[in-house]
**Student:** 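For reference, the structure I am asking about is given below.
These numbers were taken from a predicted model, which means no experiment stands behind them. Reminder, nothing fancy here: chain letters follow the sequence lines and each chain counts from 1.
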Amino acid sequence: MELSSLLTRRRVGMAAAASTAGRLLRLGAVRAEGHCRRLRRAGLERGFLQPTSAGKDAAQKRHVAHFTFQPDRESQEHGQTQKMNLFQAVTSALDNSLAKDPTAVIFGEDVAFGGVFRCTVGLRDKYGKDRVFNTPLCEQGIVGFGIGIAVTGATAIAEIQFADYIFPAFDQIVNEAAKYRYRSGDLFNCGSLTIRSPWGCVGHGGLYHSQCPEAFFAHCPGIKVVIPRSPFQAKGLLLSCIEDKNPCIFFEPKILYRAAVEQVPVEPYTIPLSQAEVIQEGSDITLVAWGTQVHVIREVALMAREKLGVSCEIIDLRTIIPWDVDTVCKSVIKTGRLLISHEAPLTGGFASEISSTVQLHDELPSFFLETF
Amino acid sequence: MAAAVSAASVWRQSLAQAALLLLRRPGVRGLARSQSHRQQQQAFSSLDDKPQFPGASAEFIDKLEFIQPNVISGIPIYRVMDRQGQIINPSEDPHLPQEKVLKFYRSMTLLNTMDRILYESQRQGRISFYMTNYGEEGTHVGSAAALDSTDLVFGQYREAGVLMYRDYPLELFMAQCYGNMSDPGKGRQMPVHYGCKERHFVTISSPLATQIPQAVGAAYAAKRANANRIVICYFGEGAASEGDAHAGFNFAATLECPIIFFCRNNGYAISTPTYEQYRGDGIAARGPGYGIMSIRVDGNDVFAVYNATKEARRRAVAENQPFLIEAMTYRIGHHSTSDDSSAYRSVDEVNYWDKQDHPISRLRHYLVSHGWWDEDQEKTWRKQSRKMVMEAFAQAERKLKPNPNLLFSDVYQEMPAQLRKQQESLAQHLQTYGEHYPLDHFDK
């Protein structure tokens, strides 16, 4: 699997954040020790991997991600909060949805006992077996079934166990869900369908438990694709997807299910779709990322400030399609430089859509962009 | 003391109950033995050699024997009328009132007339494409008549008779085929991709079998809503080969959905005959494999189709389980206007079905033998139906096409910024280069 980002995480021994190609930023190698995820001495212009000096200790420990999840400041606007990790935030959102909307149902493989990532724990007991139920092992069936529920106006929340397995449902998503409203002249639609799926690198997932397929769906008008960076974002964005009147795919960064913990409101709240968030202001360069990579980018911004004296503006894209062109362009107009970083393969990755759109923007002169 | 005794017996009772509960679960025979003095007769000992597998409820067999699929003598075909329209078993005659049976006849013949005219109109370059329903009118009308008018219909593309039976106006059939500005679908799809919200007919889409798991989801929602509605899902024997069909059947059975799967087995999927589509006993034989109640009917016998659908509907809603009806029929016409079936089948074969076993003829024989129809009525109706179709046709042809702005709406419920930009870009382009486009044909 092609790792595209200059700034992706690697699990083998060391965390690497080095590049030989990037012109805008060059960062040194970072060493990770055991489960410690803090950045150590990052020298400039080092190679990719550095042998660990921990010697025999390193051989016995399995190194996972080297990024640090950075929680946002606790939100005061939505009432009482509770410490939740990302899967608990998802459960909370689903709980809120089923409480509010009597037509809402959750289904997919293994959701009844709580789900392989525990996102649906307790919901079947609370809401009943006709509302939280297992389906046979068949992604095309899960999505097709979900579309049918949504066509009647009921709320369908489908789970695809790993984004890597969404492809059997690609026909139902692209040829059916995305086009339902358009092809029927708005007589029918499946807007009350939401598909949730664990997404992204987890360290040990290999080819088939790590994929980020958002670029395949970006090419499909009629659906929305949303990716949160944190528990607070996840709950609000998921609730927005469920309420949105268009079929939505909500990808949940699986490595953050346990690793990301923050204070999350207990009551329902929404975060708008198709709105990117500037999570840090800066003046020299715009960094765009989504999902887990936002946290890597945050560390990059810190290193850039410390080592290079560079001020980075960081944007979490949040919605992949329809994406917030204005926020990104406004930022690039200010800074004059853009770097986009994602886990998915480079060729045809979503960074190419962003970079070409930005370069075409009326108010921006054509200038050099780097994508990683 | 009395309290202690009764407490002890209650305790013993509940222990016995717990033991029984455990004994019913597979794999706890060890426990059974230790509790044997509290067992009732349904408990078993480890001397019993019954299979314990969670995956199947079956006996052991010690003889190696493969099950031979039976395709020589397959599932029998239920029929009510013979090929001459005579009732075979009077107890199966649905005894429908004259008006209803005449409605059957008029729907089937009006569809046939519309098919002839629209097929011709494609040949003349007036519409881009068309698919006829020749030979399958009985499957549409017999099943549609057995449903409630609010039962949701998911079709494939050769079920126009269902809409016809539900009184979809000719004007709207034509509007969709012409893609004119009266088309409720806003002119976006190829001809025959009808849809009607008021008549509960979900808009047709070209990909095959995608409607099958969707229909199951809709049925599940109808069950939850206690709506006393079923869903019917039509598809051909070719589409039944798709993975979506397997998915739909399995989901309907496991999730206990009130749905009728209606397979039109018409002998061909474009040029592919059934011998190249499947090797088992058709589609009906697959139903039991999923745990689905199944039947095979003579699709050219409108009463057989009616009876089977009626009973399936009654039970589907009462028992919350799926039913599979395989209606055997024959596709008399070409697959579509893009097909010339003489390339893969003989004219003799087609003529046999057209002349000897046609749903319209068989029903007409029934009507005539009951004194409900005659030559004069036939002549009058043929003229009248043709006139109706021609008028609708002429009107549809005169209308403008939809406004080009409709290219961009309904992609999402709200129009996102990027699409608005594209819409504006097209508008600008047309301002400058409009002379190169047939804008006069389009609604402004």
Side-chain angles (χ1 to χ4, degrees), chain A residues 102-103 105 107 130-131 133-156 158 168-169 171-172 174-191 193 221-224 244-247 274 321-326 357, chain B residues 152 154 176 183-189 193 195-198 201-207 209-225 227 229 231 233 242-244 246-248 250-255 257 402 406-407 409-414 416-419 421:
Chain A
T103 72
V105 293
F107 52 92
D130 60 319
R131 296 186 71 188
F133 53 93
N134 292 338
T135 64
L137 211 169
C138 179
E139 287 76 14
Q140 66 193 102
I142 290 167
V143 174
F145 178 84
I147 290 171
I149 290 179
V151 166
T152 70
T155 298
D171 186 37
Q172 285 284 352
V174 168
N175 269 336
E176 297 289 316
K179 297 172 169 59
Y180 231 90
R181 189 189 297 275
Y182 185 81
R183 73 188 188 202
S184 69
D186 201 18
L187 295 178
F188 298 94
N189 72 78
C190 59
L193 170 66
I223 52 170
K224 299 192 177 182
D244 195 272
K245 305 279 189 257
N246 302 285
S274 295
I321 45 153
W323 67 281
D324 186 353
V325 177
D326 285 349
T357 302
Chain B
L152 195 56
F154 283 79
Q176 199 284 327
D183 176 23
K186 301 181 187 172
R188 290 159 177 163
Q189 293 213 78
H193 289 63
C196 181
K197 192 167 166 189
E198 300 85 65
F201 189 96
V202 180
T203 303
I204 300 301
S205 73
S206 308
T210 48
Q211 74 276 16
I212 303 177
Q214 294 172 18
V216 177
Y220 189 86
K223 176 172 82 164
R224 280 208 75 237
R229 279 171 100 192
V231 174
C233 182
E242 282 279 0
D244 273 344
H246 161 71
N250 202 21
F251 276 54
T254 54
L255 300 174
C257 300
L406 292 174
L407 282 169
S409 55
D410 303 325
V411 177
Y412 296 88
Q413 191 204 35
E414 71 290 347
Q418 278 95 317
L419 285 182
K421 272 214 186 83

**Student:** Measuring heavy-atom distances to chain B, does A/Q140 have an atom under 4.5 Å in its side chain, in its backbone, in both, or in neither?
**Tutor:** both

**Student:** Please state whether the side chain, the backbone, both or neither of B/Y220 comes within less than 4.5 Å of a heavy atom of chain A.
**Tutor:** side chain

**Student:** If I take atom CD from residue B/Q189 and atom NZ from residue A/K179, how far apart are they, to the nearest 0.5 angstrom?
**Tutor:** 11.0 Å

**Student:** Out of A/R183, A/K245, A/K224, which one racks up the most heavy-atom pairs below 4.5 Å with chain B?
**Tutor:** A/R183

**Student:** If you round to the nearest 0.5 Å, how far is CZ of A/F188 from CD of B/Q214?
**Tutor:** 11.5 Å

**Student:** Who among A/C190, A/S184, A/G191 has the most heavy-atom pairs with chain B under 4.5 Å?
**Tutor:** A/S184

**Student:** If I measure from the heavy atoms of chain B, does A/D186 come under 4.5 Å with its side chain, its backbone, both, or neither?
**Tutor:** both

**Student:** Counting only heavy atoms closer than 4.5 Å, note whether B/P416 contacts chain A via side chain, backbone, both or neither.
**Tutor:** side chain

**Student:** I'd like to verify something: which residue of B/C257, B/C196, B/G195 has the highest number of heavy-atom pairs under 4.5 Å with chain A?
**Tutor:** B/C196

**Student:** Checking heavy atoms, do the side chain of A/V143, its backbone, both or neither come under 4.5 Å from chain B?
**Tutor:** neither

**Student:** Between the side chain of B/Q418 and the main-chain N/O of A/W323, is any donor-acceptor distance below 3.5 Å?
**Tutor:** yes

**Student:** List for me each residue that meets side-chain contact (heavy atoms from CB on, under 4.5 Å) alongside A/A156, sequence neighbours excluded, and say none if there are none.
**Tutor:** A/F107, A/I149, A/L193

**Student:** Let me confirm one number: the OG1-CD1 distance from B/T210 to A/I147, rounded to the nearest 0.5 Å.
**Tutor:** 8.0 Å

**Student:** So how far is it from B/D410 CG to A/R181 CZ, rounded to the nearest 0.5 Å?
**Tutor:** 7.0 Å

**Student:** Please classify the contact of B/I212 with chain A as side chain, backbone, both or neither, using a heavy-atom distance under 4.5 Å.
**Tutor:** neither

**Student:** At a heavy-atom distance under 4.5 Å, which candidate from A/N134, A/I223, A/D326 has the highest pair count against chain B?
**Tutor:** A/I223

**Student:** Would you compute the distance between atom CG of B/L407 and atom OH of A/Y182 and round it to the nearest 0.5 angstrom?
**Tutor:** 5.0 Å

**Student:** Can you measure from CG (B/L152) to OG1 (A/T152) and round to the nearest 0.5 angstrom?
**Tutor:** 8.0 Å

**Student:** What part of B/S206 lies closer than 4.5 angstrom to a heavy atom of chain A: side chain, backbone, both or neither?
**Tutor:** neither

**Student:** For B/T254, is it the side chain, the backbone, both, or neither that has a heavy atom closer than 4.5 Å to a heavy atom of chain A?
**Tutor:** side chain

**Student:** Going by the salt bridge (charged side-chain N to carboxylate O under 4.0 Å, His left out) test, which pairs reach into residues 212-224 of chain B, not counting sequence neighbours?
**Tutor:** A/D130-B/R224

**Student:** Determine whether the side chains of A/D244 and B/Q413 contain a donor N or O and an acceptor N or O closer than 3.5 Å.
**Tutor:** no

**Student:** Identify which of B/A219, B/A247, B/P213, B/P207 forms the greatest number of heavy-atom pairs closer than 4.5 Å to chain A.
**Tutor:** B/P213

